[in-house]
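What follows is a single structure, written as structure tokens, with notes after it.
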Amino acid sequence: MLSPTAYVAAEQLADRYAAADASRAAQDVHTATASPGRLVLRRSGSFDTDALARLAQLDGAPRPAEAVLVAELDGEIVAAVPFDGGRAIADPFRPTADLVDLLHARTRLLAAAAPARRLPRLRLHLRPRIAA
């Protein structure tokens, strides 16, 4: 026979195990339905002109004229952010807010990692004086 304290402890453990199992099951369902597929972040190229024009038209924004960082999900561009920090364009029919935040963070990291443009170093060519 269990003491009252041991009985309460056993019931609490059983409740916690049941809650953990329910939480795991709910999380498994969520990850199975929200699996994004293959995500690639890359610099846009000349071959992306049509896809960026379509994306800008979907978003109702002008197509960025300069190079952009794009988020490609399962081979389709769903979001793009200019490297200069301008307005992002994204597919309004997909949940892309997190992708846009990720792209903005990546462009900031790339800008910080880029070496500052330095002026060419001037070298003074001094000839030694020859004593006469």
Side-chain angles (χ1 to χ4, degrees):
M1 176 153 192
L2 291 175
S3 69
T5 306
Y7 179 76
V8 170
E11 288 299 314
Q12 285 179 342
L13 278 176
D15 288 344
R16 288 183 182 167
Y17 281 127
D21 289 340
S23 176
R24 263 188 242 104
Q27 189 173 7
D28 289 344
V29 168
H30 176 70
T31 55
T33 59
S35 177
R38 183 169 183 239
L39 176 66
V40 176
L41 302 183
R42 64 175 176 82
R43 178 185 276 274
S44 67
S46 60
F47 50 88
D48 293 322
T49 306
D50 294 337
L52 289 172
R54 180 193 61 79
L55 188 63
Q57 185 178 19
L58 277 175
D59 196 17
R63 185 198 173 285
E66 64 277 348
V68 294
L69 186 67
V70 298
E72 192 177 83
L73 189 60
D74 290 331
E76 183 181 356
I77 296 175
V78 294
V81 172
F83 282 102
D84 65 358
R87 183 186 186 282
I89 57 174
D91 188 343
F93 301 108
R94 292 187 175 195
T96 54
D98 290 337
L99 290 177
V100 170
D101 290 342
L102 182 65
L103 287 171
H104 277 298
R106 184 67 181 149
T107 56
R108 284 191 300 272
L109 282 173
L110 289 173
R117 292 187 180 189
R118 295 181 0 191
L119 295 175
R121 191 175 199 178
L122 298 177
R123 295 185 181 178
L124 299 176
H125 297 284
L126 300 174
R127 291 189 296 183
R129 287 186 149 179
I130 299 175

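- Taking the salt bridge (Lys or Arg N to Asp or Glu O under 4.0 Å) definition, one finds that Asp21 meets it with Arg24, sequence neighbours left out.
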Quiz item: side chain to side chain contact (heavy atoms under 4.5 Å, CB included) between Leu102 and Leu39: does it pass, once the steps are laid out?
Solution: CA-CA 11 Å; Leu102 182 65; Leu39 176 66; 4.2 Å; yes

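- The neighbour count for Arg106 CZ, taken as heavy atoms of other residues, nucleotides or ligands under 6.0 Å away, does not exceed 12.
- Judged as a side chain to side chain contact (heavy atoms under 4.5 Å, CB included), and not counting sequence neighbours, the contacts of Glu66 are Pro64, Pro82, Asp84.
- Residues Leu52, Leu55, Val68, Ile77, Ile89 make up the rest of the hydrophobic cluster containing Val70, defined by ILVMFWY side-chain heavy atoms closer than 4.5 Å, directly or through other members.
- For Asp59, the side-chain hydrogen bond (donor to acceptor under 3.5 Å, both in side chains) test picks out Arg87, with sequence neighbours left out.
- Remark: Glu76 pairs with Arg54, Arg94 by the side-chain hydrogen bond (donor to acceptor under 3.5 Å, both in side chains) rule, at least two apart or across chains.
- Hydrophobic cluster membership for Tyr17: Leu13 (Ile, Leu, Val, Met, Phe, Trp, Tyr linked by side-chain heavy atoms under 4.5 Å, directly or transitively).
- The side chain to side chain contact (heavy atoms under 4.5 Å, CB included) search around Ala22 returns none, not counting sequence neighbours.
- At distances below 3.5 Å, not a single donor-acceptor pair connects side-chain atoms of Thr96 with backbone N or O atoms of Leu99.
- Applying the side chain to side chain contact (heavy atoms under 4.5 Å, CB included) criterion to Leu103, with sequence neighbours excluded, gives Leu41, Leu69, Ala71, Ala79, Val81.
- The environment of Asp101 atom CG is dense: over 12 non-hydrogen atoms of other residues, nucleotides or ligands sit within 6.0 angstrom.
- Evaluation of the side chain to side chain contact (heavy atoms under 4.5 Å, CB included) rule for Ser46 yields no partner, not counting sequence neighbours.
- His104 and Ala88 make their closest contact through NE2-CB, 4.1 Å (heavy atoms, listed as atom of the first residue, atom of the second, distance).
- Contacts of Arg42 classified as side-chain hydrogen bond (donor to acceptor under 3.5 Å, both in side chains), with partners at least two apart in sequence or in another chain: Asp48, Glu72.
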